[in-house]
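Okay, so here's the structure we're looking at.
Proteins get letters first, then strands, A, B, ... in listed order; numbering begins at 1 in each. Quick note: numbers below take in every heavy atom, side chains included, and nothing from hydrogens, waters or symmetry partners.
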2 protein chains.
Amino acid sequence: MGTGVARADNGGTIGHSTDRGADSPRLDEGLRERSVATIYDVAREAGVSPATVSRVFNGGRVTAERAATVRAAAAVLGFAPNRVARSLRMQRASVIGLIIPDIGNPFFTALARGVEDAAQETNLSVVLCNTDEDVGKEQRYLEVAAAEQMAGVIVAAASRHRTDLSALVDRGTPVVAVDRRPRGASVDAVMMDNRHGGEEATEHLLARGYRRVACIAGPEGASTSDERLAGYRAVLRDHLGDTGQPIEPPPEYVVHGDFRVDGGRAAMERLLALPEPPDAVFVANNLMTVGALAALREAGHEPPGTGLLSFGDVPWPELVTPSLSSVQLPSYELGFAAAQLLQERIAGTAKPLQTVVLRTSLQVRESTSGPAANRGG
Amino acid sequence: MGTGVARADNGGTIGHSTDRGADSPRLDEGLRERSVATIYDVAREAGVSPATVSRVFNGGRVTAERAATVRAAAAVLGFAPNRVARSLRMQRASVIGLIIPDIGNPFFTALARGVEDAAQETNLSVVLCNTDEDVGKEQRYLEVAAAEQMAGVIVAAASRHRTDLSALVDRGTPVVAVDRRPRGASVDAVMMDNRHGGEEATEHLLARGYRRVACIAGPEGASTSDERLAGYRAVLRDHLGDTGQPIEPPPEYVVHGDFRVDGGRAAMERLLALPEPPDAVFVANNLMTVGALAALREAGHEPPGTGLLSFGDVPWPELVTPSLSSVQLPSYELGFAAAQLLQERIAGTAKPLQTVVLRTSLQVRESTSGPAANRGG
DNA sequence: GTGAAAGCGCTAACAC
DNA sequence: GTGTTAGCGCTTTCAC
């Protein structure tokens, strides 16, 4: 006792107090910090038990009058619940992790916005971790998420084969994969219809009169890339040219890049060096399109003379002339849906694992208005 | 006691055990989760005390042999320290928060990379929070940072006047302001030399022969904007024109935007509507430059005929033709320095508060190669 | 509806 | 060097 509390109706609350006099030993030797109010302080101030304070802040059953007293006391003391203690007790933090491979890519930042907005609806805060496409860094973040007992994690995996979600899955932390699903992981997933996007893109190019349609694909083995490429291939296979004959693009018309700017540039340069260069190119992601466009310009092949169609908008599309046609990706929606799914799991739904697939849509702009031969003719 | 441990040399370790049989009550009613090993489990497995396990994982003095035993036991059990419990005990989490106003702006993403790289050197993980320039959202994140007992926070404030760091400062959490320093906050800061950048930009424009130099400034009251504008004004005031007379730009040559794309466009449109439009424009941030360039193009005033110089590179500069001259910002370095400063504070340095100022540098490209009148003459 | 009390998993005195 | 032990601040039975 000896805490010298004025309220007589509360003398019994002992054992905890934030009465840390200058003589009481502190945990840290560093700067002397102002002490922070705990539920025990609030309880004493309000003349109730700590349990009641806890109930007030967690929607337990407390009489309105008492609740008001507690809130007032909390306000006076500037009390805010200690989330660390709460997490330890609950075995679960009020935080969800969002792990993305490239914070500089607007696709992922839009996705992050979707996650945040969906998480807004509950009390979960979102923390963002950028792996820079580095599997090691990603692994560390996954372990941190587990060790921090995050309520759930949304992950756009850096690698389909090497990303290992087991640290989380093993301890029962809900995980949702977005955009890319790591091989063999038993988790919910939200993806987009890459194949459909590739088909739509290729069909559009053909419809606009381009005849030698190439594809700058992503890394071989990446599921997103493979599916986009499959869409491209399927359309070309089914397409009959002006002569009524199927168009068989030479195998050199498919080149693989690395989903980055320089890879796109190199790929386009390879394409342009071909004996018969393509008259249109479908590029499998936005960053490679930036590089591809640069290469096209340097070679004097500005779109739409050579058609250019990007899977996903390039960053700041308003900067680019001519404006670039693109497959519009549901990036925000991907994030939003993933966060909703995750929150269902956190709430404890027992539904079987599910995969949600969102559609892309085509945005036609200037860069695919038709081959040079068609224009002015 | 009833824990059924095989190791005879450890029968005394009781009170804790992760022996959660199917009949023992669990905290959560949801999915039955696989139990996670604790230091008590490791201690039992290794035949040592929990304290020793803790020491092994925290660099305490333990004999090499014992340490090896402990590590082996930990490996067998798949033990990873529970960071939540650790944070509660230490009154400090192993996490630093980075709060930025716009995750879509490459300036801030580069800054974030700097923070991450600097934090790599210690065991602190970085969690990123995006406030979307919304002071309310920012406030919530600041409170979360406090409630989560983050070891420190780096914040690029959404507002100079309304951002309130007191939740953190009051509890003694180290805070470093980057890029913008909230008014009256007693925190370390890492800024760049905005005024110098504005001066250098304006001098360059004059040196290239532009004579009617305007400025699209940021929001009035934003310190970063005010300083850039002050640099612009100072140079014009000191500059003598071809006639030996000072150049007095009309007051309409300074227009304020909102640091966003649309604001830049609107500002440029106002400038172009003037009876005597400027022949060069210094734009106080990258996003407004995007809008300004669009307006310029629509009006048929492509740079460099009208000079355009951006404070900070536009996103994906390789996309833009003509290439844009710009004041290069030390964004990565800003983040790196901020994280270093923060880590010093976390380590407990007692240095007085400091403000680090980093220099900008000018990158000359095509958009400022000289006014239309000069070329070809 | 309310209070007492038992931990969540860890670290840091303190004793040996 | 190592073990014992007391909490960090919270939530949640369990009793009343």
Side-chain angles (χ1 to χ4, degrees), chain A residues 9-18 20 24-29 35-44 46-67 69-70 79-94 147-149, chain B residues 9-18 20 24-29 35-44 46-67 69-70 79-94 147-149:
Chain A
D9 56 351
N10 186 39
T13 302
I14 55 161
H16 275 267
S17 90
T18 312
R20 294 164 177 154
S24 64
R26 289 301 314 279
L27 278 170
D28 57 329
E29 309 286 295
S35 67
V36 178
T38 73
I39 49 170
Y40 287 88
D41 301 318
V42 177
R44 196 177 335 114
V48 300
S49 78
T52 299
V53 178
S54 173
R55 287 182 188 114
V56 169
F57 281 89
N58 292 290
R61 316 193 74 80
V62 181
T63 58
E65 195 186 0
R66 245 180 230 269
T69 318
V70 169
F79 167 79
N82 181 324
R83 292 166 63 118
V84 177
R86 179 168 211 275
S87 300
L88 179 59
R89 179 59 231 247
M90 309 255 297
Q91 306 266 66
R92 166 171 298 167
S94 312
E148 293 280 0
Q149 308 195 164
Chain B
D9 56 349
N10 187 37
T13 303
I14 54 161
H16 274 267
S17 91
T18 311
R20 293 164 178 152
S24 65
R26 291 297 318 277
L27 277 170
D28 57 330
E29 309 287 297
S35 68
V36 177
T38 73
I39 51 171
Y40 286 89
D41 301 318
V42 177
R44 197 178 333 115
V48 300
S49 78
T52 299
V53 178
S54 173
R55 286 181 190 114
V56 169
F57 282 90
N58 292 291
R61 317 193 73 78
V62 180
T63 58
E65 195 186 0
R66 246 180 230 270
T69 319
V70 169
F79 167 80
N82 181 323
R83 291 166 63 118
V84 176
R86 179 167 211 274
S87 299
L88 178 61
R89 178 59 232 247
M90 310 252 296
Q91 306 266 68
R92 167 172 298 165
S94 312
E148 293 280 1
Q149 308 197 163

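Residue Glu65(A) contributes atom CD, which lies 14 Å from atom P of dG1(C) at whole-angstrom precision. Regarding Phe57(B), its CZ atom lies at a distance of 16 Å from the P atom of dG9(C), rounded to whole Å. Between the CG atom of Asn58(B) and the P atom of dG1(D) there is a distance of 17 Å, given to the nearest Å. With rounding to whole Å, Arg61(A) atom CZ is found 18 Å from dT11(D) atom P. The separation between Met90(B) atom CE and dA13(C) atom P is 11 Å, rounded to whole Å. In this structure, the CD atom of Glu148(B) is 13 Å from the C1' atom of dG9(D), given to the nearest Å. Distance Gln149(A) CD to dG9(C) P: 8 Å, rounded to the nearest Å. For the pair Leu88(B) CG and dT11(C) P, the computed distance is 11 Å after rounding to whole Å.
If you check dC10(D), dG9(C), dT2(C) against the side chain of Asn82(A), the one that comes closest is dC10(D). Listed nucleotides dG9(C), dG3(C), dT2(D) differ in distance to Arg66(A); the shortest reach to its side chain belongs to dG3(C). When each of dT11(C), dC10(D), dC10(C) is scored by its nearest atom to the side-chain atoms of Phe79(B), the top-ranked nucleotide is dC10(C). Here dA6(D) is the nucleotide among dC10(D), dA4(C), dA6(D) with the atom lying nearest to any side-chain atom of Tyr40(B). The side chain of Gln91(B) approaches dC8(D) more closely than any other nucleotide in the set dT2(D), dC8(D), dG9(C). Of all nucleotides listed (dG1(C), dC10(C), dG7(C)), dC10(C) comes nearest to the side chain of Pro81(B).
Thr52(B) pairs in a side-chain contact (heavy atoms from CB on, under 4.5 Å) with only one of the listed residues (Val42(B), Thr69(B), Val62(B)), which is Val62(B).
Interatomic distance, Arg55(A) CZ to Ser49(A) OG, rounded to the nearest 0.5 Å: 6.0 Å. Here the straight-line distance linking atom CD of Gln91(A) with atom CG of Asn82(B) works out to 7.5 Å at 0.5 Å rounding.
In terms of position along DNA chain C, the nucleotide closest to Thr63(A) lies nearer the 5' end than the nucleotide closest to the other residue of the pair Thr63(A) and Arg86(B). The 5' end of DNA chain D is approached more closely, in terms of each residue's nearest nucleotide, by Val62(B) than by the other of Val62(B) and Ala80(A). Of the two residues contacting DNA chain C, namely Ala85(B) and Ala51(B), the nearest-nucleotide position lying further toward the 5' end is that of Ala85(B).
A donor-acceptor pair under 3.5 Å is absent between the side-chain atoms of Ser54(B) and the main chain of Pro50(B), judged by distance alone.
Regarding contacts with the backbone of dC8(C), every side-chain N or O of Ser87(A) stays at 4.0 angstrom or more from both OP1 and OP2. Proximity of Ser49(B) to the phosphate of dG3(D): a side-chain N or O atom is located under 4.0 Å from OP1 or OP2. In this model, the phosphate group of dT11(C) is approached by a side-chain N or O of Ser54(B) to a distance below 4.0 Å at OP1 or OP2.
Nearest heavy atoms, Ser87(B) versus Val84(A): CB-CG1, 3.7 Å. The two residues Ala93(B) and Glu148(B) have their closest heavy-atom pair at CB-O, 3.6 Å.
In the interface, the side chain of Arg55(A) is paired with the base of dG3(C) through a donor and an acceptor atom under 3.5 Å apart.
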